[in-house]
Amino acid sequence: MELKFILESLLFSAQKPLSPPELRDIFANAAAVEDADATVKGLKKTKDADIIAALEEIANEHEAAARSYRLVCVAGSWQFVTQPEFAPWLKALVGVKARPSRLSQPALETLAIIAYRQPMTRAEIEQIRGVSVDGTMQTLLERGLVEQSGRAEVIGRPALYTTTTAFLEYLGLKRLEDLPAADELRRIPIEKPEAPLTADPGLATAAPAELKLEEANEKPAEAAPAEETAQ
Amino acid sequence: MELKFILESLLFSAQKPLSPPELRDIFANAAAVEDADATVKGLKKTKDADIIAALEEIANEHEAAARSYRLVCVAGSWQFVTQPEFAPWLKALVGVKARPSRLSQPALETLAIIAYRQPMTRAEIEQIRGVSVDGTMQTLLERGLVEQSGRAEVIGRPALYTTTTAFLEYLGLKRLEDLPAADELRRIPIEKPEAPLTADPGLATAAPAELKLEEANEKPAEAAPAEETAQ
Amino acid sequence: MSEYQVKFEVFEGPLDLLLYLIKKEEVDIYSVNLTKLASQFIEYIEMMREFDLEIAGEFLVMASTLMYIKSRELLPVEQQAQVEDEEVGEDPRWELIRQLVEYKKFKDAAAQLQTLEARQESVFPRLPIKMQFEEEKPTKQDISVFDLLNAVNAVLKRFEKRDNPREIFEDKWTVSDKIEMIVRVMEKGAAIRFSELFENAMSRSEVVCTFLALLELIRLKQLVCGQSSDFGEIEISKRDAVVPVGTTPDATSAKPTEVTTPGDVESPTS
């Protein structure tokens with residue numbers, strides 16, 4: 001039996017890269033078994049140099065065979081590896097999650113609203129965005145960027161949403177206060193509508209409101225605390 | 001990129017045997033990734049038949065290459081395995097395989113009868129073996145090598161037994177058809193010779209010319225149907 | 001005798017014993033002398049009795065079958081035929097041969113399964129080194145604070161349009177003013193901190209204008225933003241030599257999706 005193929009079978013089955021000394025030890029251990037046959041015993045003292053020469057020969061043969069894998073030596077240890085062009089399928093095999101696509105504009109807007117005005121109910125967000133946010137909220141929740149953090153003390157007790165630690169990590173922020181222009185943007189008052197739909201269970205505490213930039217100058221103090229204490 | 005090599009790289013990297021449907025799913029998952037390129041997307045709907053054909057081609061190529069490993073199909077799933085002659089060194093590498101103890105002679109005989117003639121009732125098995133099979137059936141059932149698979153439509157409705165996927169795995173078989181000498185054993189054409197048995201005391205009972213074991217192969221057609229309907 | 005004694009333990013049943021006896025005679029099953037075989041079998045049973053071994057029922061049943069066959073064989077041919085006519089079933093000789101042949105085939109098959117079983121013990125499946133792909137969870141490149149601010153802006157803009165058509169943006173500051181201001185500040189060359197841009201802001205509207213101006217400049221690739229570390233402050237620097245801003249863009253034309261690309265945000269401060 002050729003030394004080459006024995007080495008190949010070992011590297012083929014090994015769960016880690018093997019160095020010539022490790023391979024040599026395997027030959028010695030195999031020969032130490034009680035019922036080891038002559039071939040096994042004969043390879044007991046295989047020299048490192050012979051092992052290396054055989055490994056190089058195997059590597060060359062696999063290179064020439066040009067299949068989907070190669071035998072490579074990394075830092076003195078040998079292992080079989082697949083060729084890089086198969087990565088897309090191998091990722092699907094090992095279950096590496098596909099890189100999530102960039103957040104859509106609606107999702108970003110929803111996230112921004114929650115980030116600057118948390119905690120918010122879904123109805124409040126929808127009031128500001130003017131559209132349903134079911135889909136985008138789902139995305140944000142799935143990605144762990146926002147989470148439910150209690151319930152508003154209003155009719156229907158709707159869920160309140162806040163951003164998560166993961167959200168801060170994604171943005172590389174230490175804390176929410178580090179959001180750019182956080183103070184300013186947070187203080188933009190959200191006024192209650194003239195005829196608040198208080199009976200609507202979907203509506204939340206801070207009745208969704210108008211965002212009047214110019215009015216912010218006139219009365220910044222009143223609206224701000226309510227929003228900020230919630231954080 | 002060839003389908004063949006993609007499949008090879010997958011089986012080369014998989015931690016367990018993969019079936020054609022599992023491989024097909026990997027193709028679909030790889031294609032679902034956002035930045036999947038045209039090749040990856042193009043293989044999205046690879047058919048099982050194409051996968052199987054490619055797998056068989058790979059297996060043949062490795063057989064022909066006659067290296068230390070092969071691609072094999074066991075119970076419908078494909079995996080790379082090393083050739084048995086390298087076992088002494090692989091045992092030194094990974095340790096002796098954790099495998100249940102070998103089957104006893106009675107268990108093997110009972111298993112063989114079920115494997116070739118399934119489905120079988122206990123009484124039919126005992127008819128062939130000439131002894132009770134209670135103990136061995138118990139062993140085979142406990143080891144998951146055979147299972148009950150319905151009841152025979154005869155008086156008493158006795159249980160019918162068949163072999164399991166674990167049986168194929170235990171013996172490293174692709175499918176039941178690959179059992180050694182399967183054709184011959186399934187339809188043993190043991191026919192009563194046309195010439196009456198000799199009545200002379202001390203002489204051979206049967207007319208030997210008519211009843212040679214080898215002849216079983218030559219005239220399977222007549223006896224076969226009766227045997228095969230039992231399956 | 002001693003041979004039987006040793007062998008007895010491994011006979012699976014009467015058929016197994018019969019096959020052993022046939023094999024010992026070195027004849028084909030079909031050519032075996034059943035009379036002789038019957039004698040040997042019964043002799044064996046007798047011996048088992050002598051040794052006080054428990055004899056399984058199957059062996060006794062087989063012994064009686066063999067005795068019957070033997071007695072038949074000893075009858076003259078004419079009488080034998082008569083007996084045969086009276087019988088309902090198969091010729092017991094043939095029946096026994098058939099059973100032996102069939103059992104022999106499965107015994108051989110069992111041996112082949114045993115070979116496969118032994119072979120499988122030596123077959124090692126490849127258990128590859130676990131692959132490691134770099135974790136590709138979203139990083140800060142996926143969402144930047146600018147995306148976020150931009151989104152806020154988009155919301156604010158739409159909100160105003162929808163609910164306050166009559167309200168007029170307080171025009172104290174314009175986005176173009178702020179663009180010019182930022183360009184002026186940046187001409188000095190050094191990178192500045194994001195917060196510096198807002199240090200002197202007097203009102204919300206000024207903050208928003210400044211911010212929109214910044215976004216616009218990033219969009220026009222005049223400026224780049226980045227963080228030197230994950231929790232570092234955002235820094236703004238010039239992309240390269242100042243390119244005069246041709247037309248002052250309208251702030252609303254700064255479509256959010258165009259504002260930053262991951263690459264822009266990512267670029268480290270030089």
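Quick note on labels: first sequence line is chain A, next is B, and so on, each numbered from 1.
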Separation of [Y] [atom2] from [X] [atom1] (nearest 0.5 Å):
| X | Y | atom1 | atom2 | result |
| --- | --- | --- | --- | --- |
| Ser122(C) | Gln83(B) | OG | CD | 11.0 Å |
| Glu109(B) | Tyr103(C) | CD | OH | 3.0 Å |
| Arg129(B) | Glu102(C) | CZ | CD | 13.0 Å |

Output the residues of residues 69-82 of chain B for which the shortest heavy-atom distance to chain C is under 4.5 Å, in residue-number order; output 'none' if no such residue exists.
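Result: Gln79(B), Phe80(B), Val81(B), Thr82(B).
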What side-chain donor-acceptor pairs closer than 3.5 Å can you find for residues 10-18 of chain B, not counting sequence neighbours?
| residue | atom | partner | partner atom | Å |
| --- | --- | --- | --- | --- |
| Ser13(B) | OG | Ser9(B) | O | 2.9 |
| Gln15(B) | NE2 | Pro128(C) | O | 2.9 |
| Lys16(B) | NZ | Glu22(B) | OE2 | 2.8 |

Is there a donor-acceptor pair closer than 3.5 Å between any side-chain N or O of Gln114(C) and the backbone N or O of Leu108(B)?
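No; zero donor-acceptor contacts below 3.5 Å.
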Working note: Lys105(C) + Tyr116(B), criterion side-chain contact (heavy atoms from CB on, under 4.5 Å); need CA distance, chi angles, decisive distance, verdict.
CA-CA 11 Å; Lys105(C) 290 214 174 196; Tyr116(B) 286 98; over 6 Å; no
Please rank Val94(B), Leu171(B), Leu111(B) by heavy-atom pairs under 4.5 Å with chain C and give me the top one.
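Option with the greatest count: Leu171(B).
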Pairing residues for Thr162(B) by the side-chain contact (heavy atoms from CB on, under 4.5 Å) criterion, not counting sequence neighbours
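Applying side-chain contact (heavy atoms from CB on, under 4.5 Å) to Thr162(B) gives Gln118(B), Pro119(B), Glu147(B), Ser149(B).
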Chain B contacts, top residue of Val123(C), Val61(C), Leu15(C) (heavy-atom pairs, under 4.5 Å):
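Option with the greatest count: Val123(C).
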Could you work out, with salt bridge (Lys or Arg N to Asp or Glu O under 4.0 Å) as the rule, every residue matching Lys23(C), not counting sequence neighbours?
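Counting only residues at least two positions away or on another chain, Lys23(C) forms no salt bridge (Lys or Arg N to Asp or Glu O under 4.0 Å).
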Sort Leu96(C) into side chain, backbone, both or neither according to what part of it lies under 4.5 angstrom from a heavy atom of chain B.
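For Leu96(C), there is no contact with chain B at all, as no heavy atom is under 4.5 Å.
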On a heavy-atom basis, which atom in [X] and which in [Y] lie closest, and how many Å separate them?
| X | Y | answer |
| --- | --- | --- |
| Ser101(B) | Glu117(C) | O-OE2, 4.5 Å |
| Pro180(B) | Leu116(C) | CD-CD1, 4.0 Å |
| Gln99(C) | Gln127(B) | NE2-O, 3.1 Å |

Residue Ser132(B) versus chain C: region with a heavy atom under 4.5 Å
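Both parts, heavy atoms under 4.5 Å.
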Please determine, by modelled atom types, if Tyr170(B) and Gln120(C) share a side-chain donor-acceptor pair under 3.5 angstrom.
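Note: Tyr170(B) and Gln120(C) side chains miss the donor-acceptor criterion.
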Is the shortest heavy-atom distance from the side chain of Leu113(C) to the side chain of Leu179(B) under 4.5 Å?
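Answer yes - side chains close enough.
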Does atom NZ (Lys36(C)) have a neighbourhood of more than 12 heavy atoms from anything else shown, all under 6.0 Å?
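No, the 6.0 Å shell around NZ holds no more than 12 heavy atoms from other groups.
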